[in-house]
Amino acid sequence: MQYTEKVMEHFMNPRNVGTMENPDGYGKVGNPSCGDIMEIFLKIEDDIITDVKFRTFGCASAIATSSVSTEMVLGKNIHEALEITNKVVAEALGGLPATKMHCSVLAEEALKEAIEDYLAKKQK
């Protein structure tokens with residue numbers, strides 16, 4: 001299995017790792033078949049993502065897709081962030097092996113869940 005240089009860079013030096021007290025949006029997803037678990041924490045002001053953290057238990061692809069997806073959403077409004085698909089995340093890393101594409105799906109799903117959590121809190 002060959003990883004791109006960009007995947008290895010984000011795996012070795014992941015960005016935005018950690019947790020957040022009282023996030024405006026929180027998402028947690030897992031893949032039972034591989035055991036990967038991904039959490040995303042968002043701070044949002046006026047529908048703009050002002051801070052993002054992630055915590056991922058998984059392989060190099062899971063960590064790299066988490067890291068790059070947090071970089072992609074920082075500073076974006078929530079509607080722009082919702083347009084980020086697993087394919088966009090994989091492309092930003094220069095591609096993923098076919099057997100690892102499910103990791104990029106986790107990044108997309110965790111982000112969507114965190115934004116849905118934010119929207120649900122906002123409606124209350």
How long is the span from the [atom1] atom in [X] to the [atom2] atom in [Y], to the nearest 0.5 Å?
| X | Y | atom1 | atom2 | result |
| --- | --- | --- | --- | --- |
| T56 | I37 | OG1 | CD1 | 10.0 Å |
| Y26 | K121 | OH | NZ | 10.5 Å |
| K28 | L106 | NZ | CG | 12.5 Å |
| I63 | D36 | CD1 | CG | 8.5 Å |
| L111 | E116 | CG | CD | 10.0 Å |
| L119 | K124 | CG | NZ | 12.5 Å |

Polar side-chain atom of [X] near backbone of [Y] as donor-acceptor pair, under 3.5 Å:
| X | Y | answer |
| --- | --- | --- |
| K43 | D24 | no |
| D46 | I48 | no |
| T70 | V52 | no |

Measure across [X] and [Y] and return the closest heavy-atom pair with its distance rounded to 0.1 Å.
| X | Y | result |
| --- | --- | --- |
| N31 | H102 | ND2-CD2, 3.3 Å |
| G94 | T4 | O-CG2, 3.1 Å |
| V7 | G95 | CG2-O, 3.9 Å |
| S61 | C103 | CB-SG, 3.7 Å |
| A114 | G27 | CB-N, 3.5 Å |

Quick one: do K6 and L93 satisfy side-chain contact (heavy atoms from CB on, under 4.5 Å)? Show the steps, please. CA-CA 5 Å; K6 191 118 183 203; L93 289 168; 4.0 Å; yes
Just so I know, are the side chains of [X] and [Y] near enough to count as touching, which here means a heavy-atom distance under 4.5 Å?
| X | Y | answer |
| --- | --- | --- |
| D47 | K122 | yes |
| T65 | M38 | yes |
| M20 | E39 | no |
| D51 | F41 | no |
| K76 | E83 | no |
| M101 | N86 | yes |
| S69 | F54 | no |

Dump the intermediate steps for side-chain contact (heavy atoms from CB on, under 4.5 Å) on L42 and Y118, then the final yes or no. CA-CA 8 Å; L42 300 176; Y118 162 73; 5.8 Å; no
Shared hydrophobic cluster for [X] and [Y] (ILVMFWY, side-chain gaps under 4.5 Å):
| X | Y | result |
| --- | --- | --- |
| V88 | L82 | yes |
| V29 | V89 | no |
| F57 | F11 | no |

Only residue of E9, R15, M72 satisfying side-chain contact (heavy atoms from CB on, under 4.5 Å) with S67 is R15
Counting heavy atoms not belonging to [X], are there more than 12 under 6.0 Å from its [atom1]?
| X | atom1 | value |
| --- | --- | --- |
| K87 | NZ | no |
| K112 | NZ | yes |
| N13 | CG | yes |

Using side-chain contact (heavy atoms from CB on, under 4.5 Å), reason through E113 and D117 one step at a time and then give a plain yes or no. CA-CA 6 Å; E113 193 171 288; D117 178 50; 5.8 Å; no
